[in-house]
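See structure below.
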Amino acid sequence: MRGKYAVAILASALLVGLAGCSGSGSEPAADGDISGDLTYAIWDQNQQPAMEKMADDFMAEHPDVKVTVEVTPFTQYWTKLQTQGSAKTLPDVFWMNGPNAKIYAPSGLIEPITSLVDDGQIDPANYPESLDELYTIDGVQYGVPKDFDTIGVWYNTDLLQKAGVPEPTADWTWDDFKAAAQTVSDKLSGDGVYGVVAELTGQQSYYDSIFQAGGYVISDDMKTSGYDDPKTIEGLQLWTDLIASGASPSVQQLSDTTPNQWFTSGKAAFYQAGSWMASEIAESPIAADVKTVQMPAEEKSATVIHGVANVVAADSQNKAAAQAFQAYLGSKEAALTLAELGAAIPAFNGTQQTWVDSEPGFGLQMFLDATSYAVPDPESYNTTAWRDLEYELLPQAFSGERPVKEVADELAERMNALLAEEQ
Amino acid sequence: MTRLTTVPRPAGDLRQPAAGPRAGTPVRPPRRRSRRSSQRSLWGWAFIGPAVAGLFVFYLWPLVQTAYFSFTKWGVFGGSTWAGIANYQKLLSDPAVLTSLRNTIVYTAIVLLGVPIAVVTASLINRPGLRLAKLYRVLFFMPYVAMPVAVALVWRLMFNGDFGIVNAALAVVGVEGPHWTSTPGLALVALGVVGLWASIGFNMIIISSGLASIPQELYEAAQLDGAGGIRIFFSVTVPLLAPTLFFVVVITTITAFQVFDLLFALLGAMNPAMPQTQSLIYLFYSEAFVSNDKGYAAAIALLILVVIGAVTAIQFRLQRRWANID
Amino acid sequence: MTDALRQRSRRRAGIGSFLTYLVLTIGGIVMVFPFLWQIVMSLSTNSQVMSVPPTFWPGQLQFGNFVEVFQKIPFFDQLWTSVLITVLRTAGQLVLCTLAGYGFARMQFRGKNIVFALVLSLLMVPPQIYLIPQYLIIQDLGLLNTALGVALPGFFSAFGIFLMRQAFIGLPTELEEAARLDGANVFQTFYRVMLPLIGPSISALIIITVLWSWNDLLWPLVVTTRAENMPLSVGLAALQGQFSTDYSVLMAASLLATLPVLILFLALQRRVVQGLAFSGMKG
């Protein structure tokens, strides 16, 4: 049920939102008696300045509240939260993603936003419906959507020019993509430049190509893996091919030097990555040469869409203050702060254009247009369990160590076993 | 009598010759003895009490808890239920356990190669009249002092397959270097090299002091017998150094078995070579805190305990045999 | 010995010592090279770090990398936290381990052997095993995100007790007897007479504890979540996890994190070497 309908709902909701239906940002209730120290945990250092600005603005309105922003790298973020969750010492307010919401909410660790909605501090209608839905578990909403992200291709015009490759257009296909990347690698190999790089984790590479090929990662009823589907395997094959032909650096090279390092140091022409890279790329030395284009299509165009939400810990010592801050983070004012600093596409309907305008040179509109063909991040109840399997097995397919089909079949089998445990 | 009351002796000290003052008082007054022994106990416990209490609270009891956890299945955020031996069954059938055990052993073996290197450098540094001995000692010891995370980051950069200095050096002699830290198999070697590099200094210092305690006369005697340098090394130095070497090998093994920080920073969490490189401790960490299967992680922890215990026991057994042969 | 023989042996000694210097110098360079490389990289630009062939010396020294470290992590807060953790843990261990070591070495009382066997058995347990229960204790004590919370479990050390016991056990009995004849009680005997005699072992304990506590990663990684309450090791790991961090900045940060202990070591190197050598002999 989730898959197709969610896309339709998401797309329509976003289009309505983008058309300028700006809700009247719900003002946080001006009750002066909230106080206490709050911790706000996030994982993206690029967004830290925006989060601190929001915290400052909130504290200006509530002088008795002190908000401290804590940044933990993504790879350590969930580890730390799980430990804190076991000890009931979660940060008062923190970022949540889709897969983990399905773990944290049923455990009673995060506070529903029902009371905030009831007294009018938060209006879910201000956000794309699909994002509200992502954080609604068994009919109760737990998070206030903060932002959303889609995937696209960032490219370095300078390198394309040197290689004599024309800039891609929105209607390009996998074949165009492979040929262009291959040409760059061939022509500029002397400078150690490659055609394309991407982070070989689902969201920014193979989930997109699986959907573009017409495959799926997990069935709509969340009971079966899609990895043994021939079209899914086709989606994986794209990356194996790009690496095998030398259009992309090898799995090892992408591990030794991260894709963003390859791209921002001018050693890769195409970089398939999320919209949230905007501020980092804007600060890199190649910023002036960078443009974006939607990902190439195979059977169809597709991108993964996902959004982060702000949640409040159920055990927060200063829950009133935490919820007031959560409400503020969901306000239009906060969304505009986020957009102006180019940190991420704000979830608040009608504020997205500000984000597009924050870096006029990149052509960021593409990431908003991508919502028309977006597919939700594939998830089940215990997503992290089978994502670990992907990280363990798929590199063997991408590196050519084992045939893609063999690895995909093994992955499907083991993933199905995990999914059966979930039921 | 004064001596008898002031010198604390083991309670069972009745094998004294049946002469002297004690012979006159064959039966000790039981009350007095027990008071003295309870006062002694009081002092003893006062001395060891605080430390032992802390060890109990922070180590021994947690160890028991972990053992209990190994028979439970954890929810994501605590709330465990009895699982019987399910975790141990999983332990036996999980290929990752065997792989990481093998990795740990290979890593330890590589690091142990540092012991002979440490013996050689220590004997060179201990050569009488060597100038700059102090400087050499400092140079060799620096890696041991440095923060593992920090040095792992440097090594990671040096091992980088595309622009690392290691491959640049190999390129000079015409070899195209691999991607050390991200290729399965090689990553374990790279890790071992860093571990070896970091451990040599400590081993060298210990062996150095072991060497210094060998009486000089033995060397002179061997020289008079016309033995050459290498023969002296094997017939005088090595046997007399045996206890020190034993200590160094045991400590190095135990430390190497617990490798975590180096691995964590040298490879990084998303490294494709991690499954073929991870150590037992890393497996424990990722099961406990990443996959969040704390019951299973506890079972792995106990396996680690058993393996380290077994290896140490074997080493002690070997040492005894070695000592007997001497 | 004939002249010819003497000359030959002198020549052989000459070659021998040349080889000695050669081996030690090459070895020394290998050992110290990563540190030199770290310094060079911390003063380069990111593109120099990634250049092929490598840039051995950046034309213009990029001290800005160090400035960026101060901008990205609260360096001085973390330095202070590291110092505090190290001092607390070392002081705690010093008091508790010398007392317990003395108790185990020089006193007879009921239950001693069994307790000591337990202590010994703890020596082999990898510290990660205690992680979860210890975290729960520190949390119950309300000590998360504090230096004391990080340091507290480290006050107690089976290794420290063992080291101190080995040091005390080698001392002659006559000293205690003399002290007792002078009217000293057990504690006074320990404190005034015996303790001053195990100086080298104590400095070994201090050195090892300082190193462990300064360099420890996993435990403080779990206990501290706020950037300003983290020790440097955790701050460094966090900086590495931020994938947008430049290599050169990372090198600058790792250099800064290692530097305090390296300087301490260079200043006290004779003592450190002696102390450790001593601990080896005792163990």
Side-chain angles (χ1 to χ4, degrees), chain B residues 6-8 10 40-41 43-45 47-48 50-52 54-55 58-60 62-63 65-66 121 124 127 130 136-140 142-143 145-151 153-155 157-158 163 165 168 205-206 208-209 244 247 254 258 260-261 265 281 284-285 294 301 304-305 308-309 312, chain C residues 20 23-24 27-28 31-32 34-35 37-38 41 50-54 96-97 99-100 102-104 107-110 112 115 122 124-126 128-130 132-134 153 155-156 158 161 180 186 211 215 217-218 233 236-237 240 247 250 254 257-258 261-262 265 269 273 276-277 280-281 283:
Chain B
T6 49
V7 182
R40 255 181 4 200
S41 277
W43 270 113
W45 280 98
F47 269 76
I48 67 162
V52 168
L55 283 181
F58 284 99
Y59 297 86
L60 216 53
L63 191 62
Q65 279 180 299
T66 302
T121 42
L124 291 180
R127 278 174 73 129
L130 181 83
Y136 287 127
R137 206 165 278 149
V138 169
L139 292 185
F140 277 83
M142 264 171 70
V145 181
M147 186 183 288
V149 186
V151 297
L153 292 179
V154 183
W155 276 100
L157 200 56
M158 289 170 51
F163 52 81
I165 185 82
I205 298 291
I206 305 292
S208 217
S209 69
T244 312
F247 172 77
I254 292 180
Q258 299 178 9
F260 176 80
D261 296 13
I281 294 282
F284 161 79
Y285 164 80
K294 293 202 171 61
I304 298 169
L305 196 58
I308 293 185
T312 313
Chain C
T20 303
V23 169
L24 286 179
M31 297 306 274
V32 86
F35 296 101
W37 196 239
Q38 185 182 27
M41 293 293 109
M50 295 175 69
S51 68
V52 181
L96 294 170
C97 294
L99 277 173
Y102 184 77
F104 282 123
M107 297 164 102
Q108 298 302 328
F109 52 90
R110 200 172 297 196
K112 183 181 95 162
V115 174
L122 287 178
M124 282 185 307
V125 182
Q128 289 81 0
I129 287 183
Y130 316 115
I132 302 161
Q134 280 184 350
F155 280 17
F156 314 100
I161 294 176
R180 237 164 276 186
V186 180
L211 281 182
N215 295 337
L217 174 66
L218 189 56
S233 57
L236 188 59
Q240 180 212 9
Y247 289 115
L250 211 49
S254 64
T258 319
V261 172
L262 273 186
F265 162 65
Q269 60 100 0
V273 168
L276 282 182
M281 300 304 291

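Just so it is clear, the model here is predicted, and its values are computed rather than measured. Each chain gets a letter, A, B and so on, in the order the sequences are listed, and its residues count up from 1.
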Pairwise side-chain contact, [X] with [Y], heavy-atom cut-off 4.5 Å (strictly under):
{"X": "B/W155", "Y": "C/P34", "result": "yes"}
{"X": "B/T66", "Y": "C/Y130", "result": "no"}
{"X": "C/I161", "Y": "B/L55", "result": "yes"}
{"X": "C/L24", "Y": "B/T121", "result": "yes"}
{"X": "C/Y247", "Y": "B/F163", "result": "yes"}
{"X": "C/F35", "Y": "B/V154", "result": "no"}
{"X": "C/V186", "Y": "B/F47", "result": "yes"}

If you round to the nearest 0.5 Å, how far is [atom2] of [Y] from [atom1] of [X]?
{"X": "B/L153", "Y": "C/L250", "atom1": "CG", "atom2": "CG", "value": "5.0 Å"}
{"X": "C/I129", "Y": "B/Q65", "atom1": "CD1", "atom2": "CD", "value": "13.0 Å"}
{"X": "B/R127", "Y": "C/T20", "atom1": "CZ", "atom2": "OG1", "value": "3.5 Å"}
{"X": "B/F260", "Y": "C/L218", "atom1": "CZ", "atom2": "CG", "value": "4.5 Å"}

Problem - Test side-chain contact (heavy atoms from CB on, under 4.5 Å) applied to B/W45 and C/V115, step by step - result: CA-CA 11 Å; B/W45 280 98; C/V115 174; 3.6 Å; yes

Fill in the blank from the handout: One option among B/L63, B/L157, B/V52 has the most heavy-atom pairs under 4.5 Å with chain C, and it is B/L157

Fill in the blank from the handout: Looking only at B/V145, B/L305, B/V138, B/L139, most heavy-atom pairs under 4.5 Å shared with chain C are made by B/V145

[X], part contacting chain C, at a heavy-atom distance under 4.5 Å:
{"X": "B/W43", "value": "both"}
{"X": "B/I254", "value": "side chain"}
{"X": "B/I205", "value": "both"}
{"X": "B/F140", "value": "both"}

What are the two closest non-hydrogen atoms of [X] and [Y], and how far apart are they?
{"X": "C/A100", "Y": "B/I48", "result": "O-CG2, 3.6 Å"}
{"X": "C/P54", "Y": "B/I165", "result": "CG-CD1, 3.9 Å"}
{"X": "C/L122", "Y": "B/Y59", "result": "CD1-CB, 4.0 Å"}

Chain B heavy atoms under 4.5 Å from [X]: which part of the residue, side chain, backbone, both or neither?
{"X": "C/M31", "result": "both"}
{"X": "C/F265", "result": "side chain"}
{"X": "C/S233", "result": "both"}
{"X": "C/V23", "result": "side chain"}

Handout entry: Derivation of the side-chain contact (heavy atoms from CB on, under 4.5 Å) call for B/M147 and C/L236
Key = CA-CA 10 Å; B/M147 186 183 288; C/L236 188 59; 4.2 Å; yes

Fill in the blank from the handout: In terms of heavy-atom pairs under 4.5 Å with chain B, the winner among C/T258, C/I132, C/V32 is C/I132

Exercise for the section: Take the angle between the ring planes of C/F156 and B/F58 and call it parallel below 30°, perpendicular above 60°, tilted in between. Expected result: parallel

